[in-house]
Every structure is written in C-alpha cells, then in structure tokens.
Undergrad: 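The structure follows.
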Amino acid sequence: MLLRKMMSKLGVGSAYVDLILNKTVFHPGECIEGILHICGGTVEQKIEKLDVEFIQKTLRDGKEIDNVIATIPVAGAFQIEAGQRKQIPFTYQIPDSLPPSQPGISYRFITRLDIEDGVDTLDFDYIQILPR
C-alpha cells in the first residue's frame, strides 16, 4: 500500500480526468456541452480543484503564443477513492468576438485535475471555430 501511495505521488496509478465534448466544431457564441469523466487511481487521493482553461494558440513569427480566454472552475476540493468513477457535466459559451480557426490560430481546452501532493493530471481537447 505504501508503494502504491508513493507511486501515485509520482503520477503512476494516479487519478485522471477526460473531458468528452458533444462535438468539436462550433460557431462564435455557441454553447459547448460535455462531460468530465474522473477516474480514481490505485489509491485514494485528495483533489484540490478541477478546472478547465480555454486557450487560443497563435503562431506568430515562428513562436507559439497561448492566450487564456477563460478559466472555468468545475469543482473545489474532494476525495476520490481508488477505482472510483465520477461524471460532472460541463458547459461553456464561446465568446462572440473570437476569430475563426485558421492557419496560425487554433483553440483547445486544457482540463487540469490538481492532485494534492501529486502530479497534476492534464487532458487536452482541440476544437475548431468556424466563421459566422
């Protein structure tokens, strides 16, 4: 048991999260819906928080620039048991003012499961924004 706790602090056998969106192509102003699936690892762990960042990635002069459009808080602190599964609904309305996806501009969600005394778990989900 002690070995499993130590390994989970290094990220091996740790809890993880997966955001499943209802679709991946949207228009500005549209509401995104999905479900966050949280799965416990090999030991009980304390989750400090769960949030989702909406990021615009811009390629300019050969450099990638990440702009955080929004940080969506999903859950505060909670415990997740070994092997436990949780589902949390997710919604977010895309701002009307965003430029469409194109070469040099892309969008993604980064879901972050902040684990106490452990390696945070990340999930990346790319979306496309079409012109109006």
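Starting from 1, each residue takes its place in the sequence as its number.
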Undergrad: Given the rule that I, L, V, M, F, W and Y join up when any side-chain heavy atoms are under 4.5 Å apart, are Ile55 and Ile127 in one cluster?
TA: no
Undergrad: Please report, to 0.1 Å, the donor-acceptor pairs under 3.5 Å made by any side chain of residues 65-76, with sequence neighbours excluded.
TA:
| unit_1 | atom_1 | unit_2 | atom_2 | d |
| --- | --- | --- | --- | --- |
| Asp66 | OD2 | Arg108 | NH2 | 2.8 |

Undergrad: Return the minimal non-hydrogen interatomic distance between Phe109 and Leu21, and the atom names on each side.
TA: CD1-CD1, 4.2 Å
Undergrad: Could you pull out all residues at least two apart from Lys49 that satisfy side chain to side chain contact (heavy atoms under 4.5 Å, CB included)?
TA: Asp51, Asp114
Undergrad: Only counting residues at least two apart or in another chain, list the ones meeting salt bridge (charged side-chain N to carboxylate O under 4.0 Å, His left out) with Glu48.
TA: none
Undergrad: In terms of hydrophobic clustering (I, L, V, M, F, W, Y; side-chain heavy atoms under 4.5 Å; direct or indirect links), are Val52 and Ile20 co-clustered?
TA: no
Undergrad: Donor-acceptor pairs are to be reported for all side-chain atoms of residues 79-97 against protein atoms at under 3.5 Å, with residues two or more places apart or in another chain.
TA:
| unit_1 | atom_1 | unit_2 | atom_2 | d |
| --- | --- | --- | --- | --- |
| Gln84 | OE1 | Glu81 | N | 2.8 |
| Gln87 | NE2 | His37 | ND1 | 3.3 |
| Gln93 | NE2 | Gly29 | O | 3.0 |
| Asp96 | OD1 | Gly29 | N | 3.4 |
| Asp96 | OD1 | Arg132 | NH2 | 2.8 |

Undergrad: When rounded to the nearest 0.5 angstrom, what is the spacing between OG1 in Thr121 and CG in Leu50?
TA: 10.0 Å
Undergrad: Please examine the side chains of Ile115 and Ile47, heavy atoms only from C-beta on, and report whether any two atoms are closer than 4.5 Å.
TA: yes
Undergrad: Same cluster or not: are Leu130 and Ile32 linked, directly or through other Ile, Leu, Val, Met, Phe, Trp or Tyr residues, by side-chain heavy atoms under 4.5 angstrom apart?
TA: no
Undergrad: Shortest non-hydrogen contact from Asp125 to Leu19?
TA: OD1-O, 3.1 Å
Undergrad: When rounded to the nearest 0.5 angstrom, what is the spacing between CG in Asp18 and CZ in Phe124?
TA: 12.5 Å
Undergrad: Is any side-chain heavy atom of Gln56 closer than 4.5 Å to one of Pro99?
TA: yes
Undergrad: Where is the tightest heavy-atom contact between Pro100 and Pro131, given as atom of each residue plus distance?
TA: CB-N, 3.7 Å
Undergrad: So does Ile129 get a backbone contact from the side chain of His27, meaning a donor-acceptor N/O pair under 3.5 Å?
TA: no
Undergrad: For Ile35, what are the other residues in its hydrophobic cluster, where any two members join if their side-chain heavy atoms are less than 4.5 angstrom apart?
TA: none
Undergrad: State the CG-CD1 distance between Asp123 and Ile110, to the nearest 0.5 angstrom.
TA: 10.0 Å
Undergrad: Test of understanding: with side chain to side chain contact (heavy atoms under 4.5 Å, CB included), list the residues that count as partners of Ser106, not counting sequence neighbours.
TA: Lys57
Undergrad: Give a yes or no on whether Leu98 and Ile105 share a hydrophobic cluster (residues Ile, Leu, Val, Met, Phe, Trp, Tyr; joining criterion: side-chain heavy atoms under 4.5 Å apart).
TA: yes
Undergrad: Looking at Gln102, I'd like to know if its CD atom is crowded, meaning that more than 12 non-hydrogen atoms belonging to other residues, nucleotides or ligands lie closer than 6.0 Å.
TA: yes
